[in-house]
Amino acid sequence: MNALKKLFGGNTRQFGMIFALVALIVFFQIFTEGRTLTPGNVINLFNGNSYILILAIGMVLVIIAGHIDLSVGSVAAFVGVFVALAMRDWGFPWWAGVLFGLVLGAVIGAWQGFWVAYVGIPAFIVTLAGMLLFRGFNQFVGKSNTIPVPKEFQFLGSGYLPEIGPDTGFNNLTLLLGLIAVAFVIIMSLRARATNKALGADVPELWVEVTKLVLICGAILYATYLFATGRPGTSFPIPGLILAVLVLIYGFIADKTVLGRHVYAVGGNRHAAELSGVQSKKVNFLVMMNMSVLAGLAGMIFVGRSTASGPFDGVGWELDAIAAVFIGGAAVTGGVGTVIGSIVGGLVMAVLNNGLQLLGVGADLTQIIKGLVLLAAVAFDVYNKSQGKRSITGLLMKNFQRNNEIKPDETTSTKEVISKEA
């Protein structure tokens, strides 16, 4: 037990969702007779859920800031139909269509961000109106028809890393990507250890660090093997590559930049943040605009995968994204959450949905189980708080709070965070 406490930082509950994800994978691997961890199923799982995970990245920032966005599915569908029309009827090449979709998402986000940040209408109301507005526009502009997209654009949602180099029996680019990921994890871990030593901070014992690295790198290498050994013509999917890049970018923004700290400060206590010099209106505007940009990207990825834009694209996406964020450890009241946690939460829902399908469970029972999982995750967190214990959400924020030298129960935490930037 002491070894486990050392290995997992003194409290294994901070890895609760990761444990849940691993437990689900093992459970379904056993009861589906090994079909869960086959290369084809893992590739399909990522392809079929990448757009939801991208939405979760934007949604976690919105929820950290104390808001919620109900319009993301409709915005994704609206951007998707306009991009499809631009390429079919207006002569846009595929790359111009992608840029057009991102700009259109930014315009929509600026529209909604204006009402939230500068007019003061709650984001719930603004985005509820946006959900109806852009769903109607999607069906009006597309005339409730499917609009095909060219093959070059389909690569965005259903493409794979190409095969290059000698015939090794694996996809060489996927292998290279996995090795780069392993090297990145090792280098970042060693740098963090060296930095903590230089600052005189406590560092874990060497065997703890090595064991963590072995577990993490082992998981990366096994996933690399699965992606690299799929049926001919498949490998690591392009949507997965886009998702990985976004996780790195937004993880850095949330944890290491002034803007990221301001988002947490506004969500934790907006009035205290304003007294500390944070421009809360600007922060709220940016998180809402960013959400619509990512919704537009998710919509284009889905259209590329399905080869056409349709009138029912994006239905229910906002619920899946919100569920992923809350299961991943975000707080309903704002101020708490992580990008990685949201990805883990999204993967929990994706594996659960995929495993139930492999077991032949009906759609009705699948929805019931997913709803119970979401309720249980949030209820468990609330229970821990009511008992005076550290919640999972609080534990997921442990590193953020330590980096800013604050305690989770300090009422002046917002001011201390901002004072770091003075």
Side-chain angles (χ1 to χ4, degrees), residues 12-38 40-57 59-60 63 68-70 72-73 76 131 219 223 226 239-240 243 298 302 305-306 312-332 337-338 340-386 391-393 395-396:
T12 58
R13 288 203 308 274
Q14 65 182 304
F15 297 96
M17 286 302 106
I18 296 178
F19 289 155
L21 177 61
V22 173
L24 279 174
I25 293 173
V26 172
F27 174 84
F28 286 123
Q29 178 71 358
I30 294 172
F31 285 93
T32 61
E33 299 178 351
R35 287 179 292 166
T36 298
L37 290 179
T38 60
N41 187 63
V42 172
I43 290 172
N44 288 334
L45 188 147
F46 267 81
N47 270 337
N49 294 278
S50 57
Y51 55 92
I52 296 297
L53 297 177
I54 289 173
L55 290 177
I57 293 173
M59 189 67 73
V60 70
I63 290 175
I68 204 158
D69 193 333
L70 300 177
V72 293
M131 180 175 69
L226 291 176
L243 175 65
F302 181 81
R305 183 171 184 267
S306 58
F312 299 108
D313 293 351
V315 174
W317 290 9
E318 59 279 345
L319 303 181
D320 289 333
I322 292 169
V325 173
F326 285 134
I327 289 175
V332 179
T338 62
I340 294 296
S342 298
I343 296 299
V344 172
L347 288 175
V348 167
M349 297 297 285
V351 170
L352 180 63
N353 194 57
N354 175 262
L356 292 173
Q357 288 179 353
L358 291 176
L359 290 175
V361 176
D364 49 357
L365 187 56
T366 297
Q367 293 299 320
I368 293 172
I369 294 173
K370 288 168 66 177
L372 290 174
V373 169
L374 173 59
L375 184 61
V378 177
F380 183 68
D381 190 65
V382 171
Y383 172 77
N384 277 323
K385 290 179 182 178
S386 69
S391 66
I392 291 176
T393 55
L395 290 164
L396 286 170

Is the backbone of [Y] close enough, under 3.5 Å, to the side chain of [X] for a donor and an acceptor to pair up by distance?
X      : Y      : value
Asn41  : Thr36  : yes
Ser342 : Thr338 : yes
Asn354 : Ala350 : no

Do you know which two heavy atoms are closest between [X] and [Y], and how far apart they sit?
X      : Y      : value
Leu226 : Val42  : CD1-CG2, 3.8 Å
Leu45  : Asn49  : O-ND2, 2.8 Å
Ala330 : Ile63  : CB-CG2, 4.1 Å
Ile327 : Met349 : CD1-SD, 3.1 Å
Phe28  : Val351 : CE1-O, 3.8 Å
Gly355 : Thr32  : O-CG2, 4.3 Å

Could you tell me the separation between the [atom1] atom of [X] and the [atom2] atom of [Y], rounded to the nearest 0.5 Å?
X      : Y      : atom1 : atom2 : value
Ile25  : Ile30  : CD1   : CD1   : 12.0 Å
Thr38  : Ile43  : OG1   : CD1   : 9.0 Å
Ile322 : Leu374 : CD1   : CG    : 10.0 Å

Practice problem: Run the numbers on Val72 and Met59 for side-chain contact (heavy atoms from CB on, under 4.5 Å), then give the verdict. | Solution: CA-CA 9 Å; Val72 293; Met59 189 67 73; 4.0 Å; yes
Quiz item: With sequence neighbours left out, what residues match Asn353 under side chain to side chain contact (heavy atoms under 4.5 Å, CB included)?
Solution: Gln357, Thr366, Lys370
Exercise. Apply side-chain contact (heavy atoms from CB on, under 4.5 Å) to Leu53 and Leu347, showing your working.
Key: CA-CA 8 Å; Leu53 297 177; Leu347 288 175; 4.0 Å; yes
Quiz item: What side chain to side chain donor-acceptor pair (under 3.5 Å) pairs are there with at least one residue in residues 18-29, not counting sequence neighbours?
Solution: none
Exercise. Look at the rings of Trp317 and Phe302 and say which category their plane angle falls in: under 30° parallel, 30 to 60° tilted, over 60° perpendicular.
Key: perpendicular
Exercise. Take Ile57 and Leu243, measure what side-chain contact (heavy atoms from CB on, under 4.5 Å) needs, and give me the verdict at the end.
Key: CA-CA 9 Å; Ile57 293 173; Leu243 175 65; 3.8 Å; yes
